[in-house]
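This report concerns only the one structure given below.
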Amino acid sequence: MSVLPPRLLRLSFTPKNDFFHLKTKAFLVQKLSETTDLFLTNLLHTLILKLGFATDTFTANLLINKYVKLREINTARKVFDEMCEPNVVSWTSVISGYNDTSQPQTALSMFQEMHKARSVSPNEFTFASVFKACSALAESRIGKNIHARLEVSGLRSNTVMSSSLLDMYGKCNDVETARRVFDSMASYGRNVVSWTSMITAYAQNARGHEAIELFRSFNAASTNDRPNQFMRASVISACTSLGRLQWGKVSHGLVTRGGYESNIVVATSLLDMYAKCGSLSCAEKIFLRIRCHSVISYTSMIMAKAKHGLGEPAIQLFDEMVSRRIKPNYVTLLGVLHACGHSGLVNEGLGYLNSMKEKHGVVPDPRHYTCVVDMLGRFGRVDEAYELAKTIEVGAEQGALMWGALLSAGRLHGRVDIVCEASKRLIQSNQQVTSAYVALSNAHAVAGGWEDSESLRLEMKRGGNVKERAYAQNA
DNA sequence: ATAGGGTTAG
């Protein structure tokens, strides 16, 4: 950390606009651009305020960006709120700060405020950040709306712009629109990023064959661009989605010949592919060859072991990860809870749930609770599962998963009361869960209430769910 | 000058 010269600390009383003053400002801006340290940033911030430089938009923007990079979004926001004349860079920086701290909803409301303020118009940078927020929320309705504004702005014919737009549609599961954007880019140019976005859109929407087909066209069409680690990882995940080891092995051969086998991103997707296509031993081989591990490589391997019923080894791996000072995140803890739930380590699982915040700084969210509800239910502790589920505030989609888990537990352990309760909650969740109607109807039938059963089937018909019956009864 | 697009775990 660099140290401020004492001379500078006495400059607070310098009259404005003289030579020394300007020089001081240049010095502070210079120091601010260089530092990556929170303490020094705070110090420079104080000096900037004292000397009245905060009224300068450029200087304030630098401060905002510094705080965004340091993940101090609230401080960044405070600087922004106190600005005299925020420009498009100030707005965009704060929006992307909210993206970086997993607050896409706030990013979008900032964009709305910017629109209302009308003093500043969004540019390419702003739109790219806002589409990223839509992607994170998988909100295609809002995305479409902003897409319309982008078309009006005339900024659309730009490779970065269109790539972020097509990525947004892919993440919102609207592959057809994503493809239309991709096709429209032919006139002004695509690059590796835009091709990767489209391949990813297919891969993440269970259309692996089309992803691979597009990868082939890329190799056939482009003369300058070569596939990079991102594209290769995406192609491997497309193979994973096909669930066929054969395809996965082909892609493995391909990345080995390309010299990408030891790349961390590629290796992680390979290990996930092997785990999901049925070869845990190959997955482990890949894992052991990784030199520089990430939270994702560990999490993938923990998940793989968990899914194969290797609870203890998964937990051992978790301990190893923690001792190597790789910080687990919420997905890692989901893996650990899964490991417990698939190996009957029920009390251990409860222990992880109750201590994850304190020990690992990860606040349990509805997904973690769902996992534990499922675990308790599987191992006969249905009442505890129910008591826990009742206390969780949960959105409709996740709620359907949580009550669905409880429904299976009720069925598995012959608990008509739980089946009824879980089915009702499932139906309340308003998701398209026909199995809930079927289960509730069957439960009434079991309990002797044939009339209830019949009325439910009627309700189901009215709800247009009747076609799903055959599927639901197999599920 | 300061801000923006693609990837791997769920």
Side-chain angles (χ1 to χ4, degrees), chain A residues 26 29-30 32-33 56-66 68-69 76 86-97 99-100 122-133 135 155 158-168 170-171 181-182 185 190-201 203-204 225 227-238 240 260 263-273 275-276 283 286-287 290 293-304 306-307 328-335 337-338 365 367-368 370-371 398 401:
Chain A
V29 163
Q30 173 71 26
L32 192 59
S33 335
D56 173 53
T57 301
F58 176 73
T59 309
N61 284 349
L62 267 184
L63 264 177
I64 292 175
N65 289 318
K66 212 34 93 174
V68 164
K69 287 213 179 76
N87 64 10
V88 62
V89 177
S90 334
W91 282 98
T92 307
S93 302
V94 175
I95 290 172
S96 85
N99 279 341
D100 292 349
N123 64 12
E124 292 100 320
F125 289 80
T126 324
F127 277 114
S129 300
V130 171
F131 286 132
K132 195 168 187 153
S135 305
L155 298 166
N158 164 303
T159 307
V160 173
M161 222 51 292
S162 298
S163 297
S164 85
L165 186 62
L166 103 72
D167 176 65
M168 184 274 290
K171 298 258 165 41
V181 174
F182 180 76
M185 293 176 74
R190 304 165 177 146
N191 60 14
V192 195
V193 177
S194 30
W195 283 86
T196 304
S197 302
M198 194 61 231
I199 291 171
T200 306
Q204 289 174 343
D225 277 344
N228 61 14
Q229 53 168 343
F230 300 122
M231 187 180 271
R232 287 167 195 271
S234 192
V235 171
I236 293 164
S237 89
T240 310
Y260 277 86
N263 176 283
I264 177 72
V265 172
V266 172
T268 307
S269 66
L270 273 179
L271 107 70
D272 180 58
M273 182 277 292
K276 286 185 182 148
I286 304 264
F287 178 80
I290 295 176
H293 279 283
S294 67
V295 58
I296 300 183
S297 61
Y298 264 98
T299 305
S300 307
M301 199 63 227
I302 290 168
M303 284 284 178
K307 227 169 58 184
N329 62 21
Y330 77 96
V331 188
T332 321
L333 277 137
L334 276 176
L337 295 173
H338 263 121
D365 70 26
R367 289 166 291 196
H368 299 100
T370 300
C371 213
Q398 188 63 34
L401 290 175

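Protein chains get the first letters and strands the later ones, always in sequence-line order, with residue 1 at the start of each. Keep in mind that this is a model prediction, so the values were computed, not measured.
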(message) Could you check whether any side-chain heavy atom of A:Asp167 comes within less than 4.5 Å of a side-chain heavy atom of A:Ser135, counting everything from C-beta outward?
(response) yes

(request) Give the intermediate values and the outcome of side chain to side chain donor-acceptor pair (under 3.5 Å) for residues A:Asn87 and A:Asn61. (result) CA-CA 9 Å; A:Asn87 64 10; A:Asn61 284 349; 3.1 Å; yes

(message) Can you build the contact string for nucleotides 2-9 of chain B? Use B for base contact, S for sugar-phosphate-only contact, and - for no protein heavy atom under 4.0 Å.
(response) BBBBBBBB

(request) Classify the angle between the aromatic ring planes of A:Tyr298 and A:Phe287 as parallel (below 30°), tilted (30 to 60°) or perpendicular (above 60°). (result) perpendicular

(message) Going by the rule side-chain hydrogen bond (donor to acceptor under 3.5 Å, both in side chains), which residues pair with A:Arg367 if we only count those two or more places apart in sequence or in a different chain?
(response) A:Asp365

(message) As an exercise, state the distance from CE of A:Met273 to OG1 of A:Thr268, rounded to the nearest 0.5 Å.
(response) 12.5 Å

